[in-house]
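What follows is a short report on a single structure.
The first residue of the sequence shown is numbered 1, and numbering continues consecutively from there.
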Amino acid sequence: MKQTITLDELNQFEQDYKSNLDNEILSRTILKNGINASSINQELLRELKNTFSVDVEAGSVTNQRHSGRCWMFAGLNVIRSILLKKLNVKNIELSQAYLQFYDRLEKSNFYLERAIDLSKEDISSRLNVFMLDNGNQDGGHFVMFTNLVKKYGVLPIEEMPDLAVSQNTSELNSLLSHYLAQGVMEIRDKHALGASREELLSIKENYLKEIYKILTMSLGVPPKEFSYEYTTKDNTHVALKKMTPLEFYKEYIGADLDDYIALCDAPILGRELYKKYTCKYVGNVEGGDKVVFFNVPLQEMKKAAINSLKGGDLIWFAADVSSQSLRQEGYLADGVLKRADLFHLDYHMNKGQRMTYRASFCNHAMTLTGVNLDENELPNRWKVENSWGKENGHDGFYVMSDKWFDEYLNQIFVHKKYVSKEVLDAYEKAKEEETLPFDTMWINMQ
């Protein structure tokens, strides 16, 4: 074949296509139903029963609506399971808008701090382009969630409910994106004129003051104190004393978030096992904990997840939910979409190759709430709590095949007590390697 596509080659492509009658038959199906609907493996769906030998109480499914806050919803779902037990209630939902307020404020500060750091670099440098494109958006990682909780606490959703802007963040994202870009421009212009760091910080402070106003008008005023009343499972009315969100977290949830670690299965080219990876260009709270990934063998990650569920604790995880999944039906199963068969393609990339070449990446965070173990205590399917509302999946819950776990699940955050001594020892000994933010592990979950 020549460098350009010629008319002769187009004619040959067409002849080859028409020479196979199956192509025309399949085309009619695809044109009518779409690619995914035409490639569903119904036989596999019948194998994935919606029952689990280990099933942890999780509360009612939440809904992130039209926002990229999955990482925050999944984190709140993990810690509210502790609250359900302590308060002895059927359900409680923690305010996502409350943490969202401080996340966007902290991200704005983080973003402008990086703008100051990078002001000496060309605006078209790869790092500047990364920060301009990714520095202030809805998405995040588990450590970004724990940074917020450790600094600001949590409160019930009744105290700061999800309303128009928190549920549909496109308008807020656009406003902040434009306004912060102007802030970066002013910082860079002043730096070019020889401004001191103190002068650049003054510009940042002025922008943060205005962003605080934007967030308050759009999301509401975060309560500094609140009192809470609820009814227990045995219909007892309880009124809690007035307290701050941080006091509420410490007294009624109390989990030490420093005891959770990231276990990753990220076989990306150049990323080694039993090594910690971090990046100073990914985060939200300036001076908070860094986002750190610790690469371990897949089976170690699975063992820790099973131990956690057996111990009654839910697990935050991140994965490529866009691959081999049925959103409405509620299935995450490798092979459920036989698209390569549908188009007669030779597709053979493995997990590491897909991640290295950016065909697959962490794009969504959810919560593991159950697992089904066979007679040999090996997992064959997992129960997943999503944040897409009850109208998707099985009342909002999904069935994940164990093979999908292998192929598309990239990281879990789990309490250290559920991790083997060998892995913990390796974790404690491993030094953090600072990386650039360009591989797929650094993409924020939406």
Please work out which of the three classes, parallel, tilted or perpendicular, describes the rings of Phe438 and Phe130, given edges at 30° and 60°. perpendicular
Evaluate the side-chain contact (heavy atoms from CB on, under 4.5 Å) criterion for residues Asp395 and Val61: first the C-alpha distance (whole Å), next the side-chain angles of each, then the deciding distance (0.1 Å), finally the verdict. CA-CA 7 Å; Asp395 284 330; Val61 164; 5.8 Å; no
For Thr435 and Thr278, indicate whether the former's side chain and the latter's backbone hold a donor-acceptor pair under 3.5 Å. yes
Ion pair Arg271/Asp439, N-O distance below 4.0 Å: yes
Main-chain N/O of Asn23 paired with Ser27 side-chain donor or acceptor, under 3.5 Å: no
Do Arg114's NZ or CZ and the ring of Phe110 fall within the cation-pi criteria of under 6.0 Å and 45°? yes
Between the side chains of Lys250 and Glu247, is the shortest nitrogen-to-carboxylate-oxygen separation below 4.0 Å, so that they form an ion pair? no
Is the count of non-hydrogen atoms from other residues, nucleotides or ligands lying under 6.0 Å from Lys209 atom NZ greater than 12? no
Grab the two heavy atoms, one from Gln137 and one from Gln446, that are nearest each other, plus how far apart they are. OE1-NE2, 3.0 Å
Answer yes or no: are there more than 12 heavy-atom neighbours, outside Gln182 itself, under 6.0 Å from its atom CD? yes
Begin with the C-alpha distance, continue with both residues' side-chain angles, and end with the deciding distance and a verdict on ring pair (Phe, Tyr, Trp, His ring centres under 6.0 Å) for Phe226 and Phe248. CA-CA 9 Å; Phe226 69 97; Phe248 178 73; 5.4 Å; yes
Applying side-chain contact (heavy atoms from CB on, under 4.5 Å) to Leu26 and His344, what does each step give before you reach the verdict? CA-CA 11 Å; Leu26 290 170; His344 303 298; 3.8 Å; yes
Between Asn363 and Asp320, is a side chain to side chain donor-acceptor pair (under 3.5 Å) present by the stated rule, with each step listed? CA-CA 5 Å; Asn363 49 38; Asp320 178 11; 2.8 Å; yes
Close side-chain approach of Phe294 to Val296, heavy-atom, < 4.5 Å: yes
What are the two closest heavy atoms between Met160 and Pro223, and how far apart are they? SD-CD, 4.0 Å
Check Lys417 with Asp259, please: is the shortest side-chain N to carboxylate O separation under 4.0 Å? no
Which heavy-atom pair separates Ala319 from Asn410 by the least distance, and what is that distance? CA-OD1, 4.0 Å
For the backbone of Asn109 and the side chain of Lys204, can you confirm whether one donor and one acceptor N or O come within less than 3.5 Å of each other? no
Do other residues, nucleotides or ligands put more than 12 heavy atoms under 6.0 Å from the NE2 atom of His66? no
Could you go step by step and tell me if Asn284 and Asp103 meet the side chain to side chain donor-acceptor pair (under 3.5 Å) rule? CA-CA 7 Å; Asn284 58 349; Asp103 177 60; 3.1 Å; yes
Do you know the tightest heavy-atom contact between Leu314 and Ser81? CD1-CB, 3.7 Å
Over 12 foreign heavy atoms within 6.0 Å of CD, Glu432: yes
With the side chain counted from C-beta on, respond yes when Trp382 and Leu309 share a heavy-atom pair under 4.5 Å apart, and no when they do not. yes
Quick check on Glu391: does its CD atom have over 12 non-hydrogen neighbours (other residues, nucleotides or ligands) under 6.0 Å away? yes
Pair Asn33-Thr29, side chain to side chain donor-acceptor pair (under 3.5 Å): steps then yes or no: CA-CA 6 Å; Asn33 302 297; Thr29 300; 5.2 Å; no
Tell me whether the centres of the aromatic rings in Phe317 and Phe142 are closer together than 6.0 Å. no
Per salt bridge (Lys or Arg N to Asp or Glu O under 4.0 Å), Arg80 is matched among Glu93, Glu385, Glu57 by Glu385
Do side-chain atoms of Thr356 reach the backbone of Leu269 as a donor and acceptor pair under 3.5 angstrom? yes
Side-chain donor/acceptor of Ser218 to backbone N/O of Leu215, under 3.5 Å: no
If only atom types and distance count, is the side chain of Trp71 paired as donor or acceptor with the main-chain N or O of Trp316 below 3.5 Å? no
For a side-chain contact (heavy atoms from CB on, under 4.5 Å) check, start with the C-alpha distance between Glu300 and Leu263, then their side-chain angles and the critical distance, and finish with the verdict. CA-CA 8 Å; Glu300 291 292 344; Leu263 300 182; 5.8 Å; no
How far apart are the C-alpha atoms of Arg65 and Thr169, what are their side-chain angles, what is the distance that settles it, and do they pass the side chain to side chain donor-acceptor pair (under 3.5 Å) test? CA-CA 9 Å; Arg65 307 287 180 181; Thr169 54; over 6 Å; no
I would like to know whether Lys213 and Glu210 meet salt bridge (Lys or Arg N to Asp or Glu O under 4.0 Å); could you show each step before the answer? CA-CA 5 Å; Lys213 178 180 69 178; Glu210 295 302 312; 2.8 Å; yes
Row check, Tyr102 ring normal vs Lys151 NZ/CZ: under 6.0 Å, within 45°: no
Going by atom types only, do Ser177 and Asn173 share a side-chain donor-acceptor pair under 3.5 Å? no
Answer yes or no: is there an ion pair linking Lys416 with Glu428, defined by an N-O contact shorter than 4.0 Å? yes
Is the count of non-hydrogen atoms from other residues, nucleotides or ligands lying under 6.0 Å from His237 atom NE2 greater than 12? yes
Taken to the nearest 0.5 Å, the spacing of Tyr408 OH from Ser322 OG works out to 9.0 Å
Please work out whether the ring planes of Tyr418 and His415 are parallel, tilted or perpendicular, with thresholds of 30° and 60°. perpendicular
Nearest non-hydrogen partners of Leu87 and Thr232, listed with the distance: O-CG2, 3.7 Å
Is the shortest side-chain heavy-atom distance between His348 and Gln353 below 4.5 Å? no
Could you tell me whether Asp265 and Lys351 have a side-chain N and a carboxylate O separated by less than 4.0 Å? yes
How close do Asn386 and His364 get, heavy atom to heavy atom, and via which atoms? OD1-NE2, 2.8 Å
Gap between atom CD1 of Ile79 and atom CG of Leu257 - 0.5 Å precision: 7.0 Å
Which class fits the ring pair Tyr179 and Tyr207: parallel under 30°, tilted 30 to 60°, perpendicular over 60°? tilted
Between Asn376 and Leu378 (side chain of the first, backbone of the second, donor and acceptor by atom type, cut-off under 3.5 Å), is there such a pair? no
Would you say the ring centers of Phe413 and Phe145 fall short of 6.0 Å from each other? no
Check the side chains of Asn136 and Ser108 for a donor-acceptor pair under 3.5 angstrom, ignoring hydrogens and angles. yes
Value rounded to 0.5 Å, distance of CG in Asp289 from CE in Met144: 12.5 Å
Do any N or O atoms from the side chain of Lys276 and from the backbone of Tyr427 form a donor-acceptor pair under 3.5 angstrom? yes
Step by step, work out the side-chain contact (heavy atoms from CB on, under 4.5 Å) result for Phe405 and Leu368. CA-CA 11 Å; Phe405 190 119; Leu368 287 173; 4.2 Å; yes
Looking at CZ of Arg69 and CD of Gln96, how far apart are the two atoms once the value is rounded to the nearest 0.5 Å? 6.0 Å
Determine yes or no for a side-chain-to-main-chain donor-acceptor pair under 3.5 angstrom, with Tyr98 supplying the side chain and Pro156 the backbone. no
For Gln324, is there any backbone N or O sitting under 3.5 Å from a side-chain donor or acceptor partner on Arg339? no
